[in-house]
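Encoded as structure tokens, the structure appears first; notes follow it.
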Protein chains: 2
Amino acid sequence: MTTAAPAPAPSSRDLPHPVRGEIRLEAVLHALSDPMRLQVVRELAAVSDELSCSHFDLPVTKSTTTHHFRVLRESGVIRQVYRGTAKMNGLRRDDLDGLFPGLLDSVLAAAAAQAVRLGSVAVR
Amino acid sequence: MTTAAPAPAPSSRDLPHPVRGEIRLEAVLHALSDPMRLQVVRELAAVSDELSCSHFDLPVTKSTTTHHFRVLRESGVIRQVYRGTAKMNGLRRDDLDGLFPGLLDSVLAAAAAQAVRLGSVAVR
DNA sequence: GCCGTACTACGATGCCTATCGTAGTAGTCG
DNA sequence: CGACTACTACGATAGGCATCGTAGTACGGC
């Protein structure tokens, strides 16, 4: 075993992500069709950086939050990594733009337009 | 009474559609997140004309087909009208483009790109 | 070493939905 | 009128999913 890959301790903390080629349009659309998940994606796109799960103050329990983040991750919309005790979430903009050019931007623009239209203009 | 609207016989054949302002992004994304419905929308966009329900040869029963067309209609993606015995379906491109500029086109492009990517290039 | 924080996993529940089959209604054509 | 076509409505079923609560695991600080 020359390579002697030290197997960086599976640690049971590695999260399964679809590789770019495995991302399916239907799954992405489904992930974005939930208001709570769409809101999360909008926030992530706004900061264009990673955010911890606890940063989001969603009106549901932690368990449900975990579930929504998992749907987003497994559909390929976000990437999740552990950083110490925190789990950071980042938008997979490169992969999404590569596979579906313009899709994410038009969805984000549509969400923003609708937020204005529905009078949610004042932040929340 | 001048108008004297003769009430063109409700006939129980008028189909409820959301007006433009009632169309919700989440509902549209959800409607498009089903493979069968996405396929229908792609065909409608390809012909840019009305198509009867029976034109589509979906691998499900008539009942299920009716259900899918209703989801598309109630979400505001398509418009349905009766023409004789046939029920014609047309994409509401104007309304969708007006509310969510570029969204429909990028979804259609993404669907086409994915179809190619998955090797479904040879028809079925 | 112990505790608090952050997040997960598991089990349960209720709703939504995709699917079917059967029966029924509207329109057209003979 | 009568048969045929096109589509709907209704009822049933099974699976998915958003939600919760509780219990558990990993990390970092004291």
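This one's a predicted model, so the numbers in the text were calculated from it and none came from an experiment. So you know, we letter chains A, B, ... as the sequences are listed, proteins then strands, and number each from 1.
Taking each heavy atom of A:N89 and A:L44 in turn, the nearest pair found is O-CD2, 3.3 Å.
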Please tabulate, one pair per line, each protein N/O and nucleotide N/O from nucleotides 19-23 of chain D that are separated by under 3.5 Å, including the distance.
| unit_1 | atom_1 | unit_2 | atom_2 | d |
| --- | --- | --- | --- | --- |
| D:dT19 | OP2 | A:H68 | NE2 | 2.2 |
| D:dC20 | OP2 | A:T61 | N | 2.8 |
| D:dC20 | OP2 | A:T61 | OG1 | 3.1 |
| D:dC20 | OP2 | A:T64 | OG1 | 2.8 |
| D:dG21 | N7 | A:S63 | OG | 3.4 |
| D:dG21 | O6 | A:S63 | OG | 2.8 |
| D:dT22 | O4 | A:S63 | OG | 3.4 |

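For A:D97, there are no side chain to side chain donor-acceptor pair (under 3.5 Å) partners at least two apart in sequence or on another chain. By the salt bridge (charged side-chain N to carboxylate O under 4.0 Å, His left out) test, B:R79 pairs with B:D95, sequence neighbours left out. Residues passing the side-chain contact (heavy atoms from CB on, under 4.5 Å) test with A:P35, sequence neighbours excluded: B:E26.
Residue A:M88 contributes atom CE, which lies 19 Å from atom P of C:dT5 at whole-angstrom precision. Rounded to an integer number of Å, the gap from OH of A:Y82 to C1' of D:dG28 is 15 Å. Atoms CZ (A:F69) and P (C:dC7) sit 9 Å apart, rounded to a whole Å. We find that CD of B:E74 is positioned 14 Å from C1' of C:dC16, with the value rounded to whole Å. Distance, A:E26 CD to D:dC17 C1': 18 Å, rounded to whole Å. One can place CZ of A:F56 at 15 Å from C1' of C:dA6, the figure rounded to the nearest angstrom. When rounded to the nearest whole Å, the span between CG of A:L15 and C1' of C:dA9 equals 13 Å. Computed from coordinates, the A:L38 CG to D:dA18 P distance equals 14 Å when rounded to whole Å.
Distances shorter than 4.0 Å separate some side-chain N or O of B:R70 from OP1 or OP2 on D:dA9. In this model, the phosphate group of D:dC27 is not approached by any side-chain N or O of A:R83 to a distance below 4.0 Å at OP1 or OP2.
Distance from the side chain of A:A86 is smallest to C:dC7 among C:dC7, D:dC7, C:dA18. The listed nucleotides are D:dA18, D:dC7, C:dC7; the one nearest the side chain of A:S52 is C:dC7.
Taking the nucleotide of DNA chain D with the nearest heavy atom to each of A:G84 and A:H30, the more 5' of the two is matched to A:H30.
At a threshold of 4.5 Å between non-hydrogen side-chain atoms, the residues B:V107 and A:F100 do not count as touching.
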Atom pairs and distances, donor-acceptor, side-chain atoms in residues 53-62 of chain B, under 3.5 Å, two or more places apart:
| unit_1 | atom_1 | unit_2 | atom_2 | d |
| --- | --- | --- | --- | --- |
| B:S54 | OG | B:S52 | OG | 3.1 |
| B:T61 | OG1 | B:T64 | N | 3.4 |
| B:T61 | OG1 | B:T64 | OG1 | 3.2 |

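Annotation for B:V81: hydrophobic cluster partners, listed by chain and number, are B:M88 (ILVMFWY side-chain heavy atoms under 4.5 Å, direct or chained).
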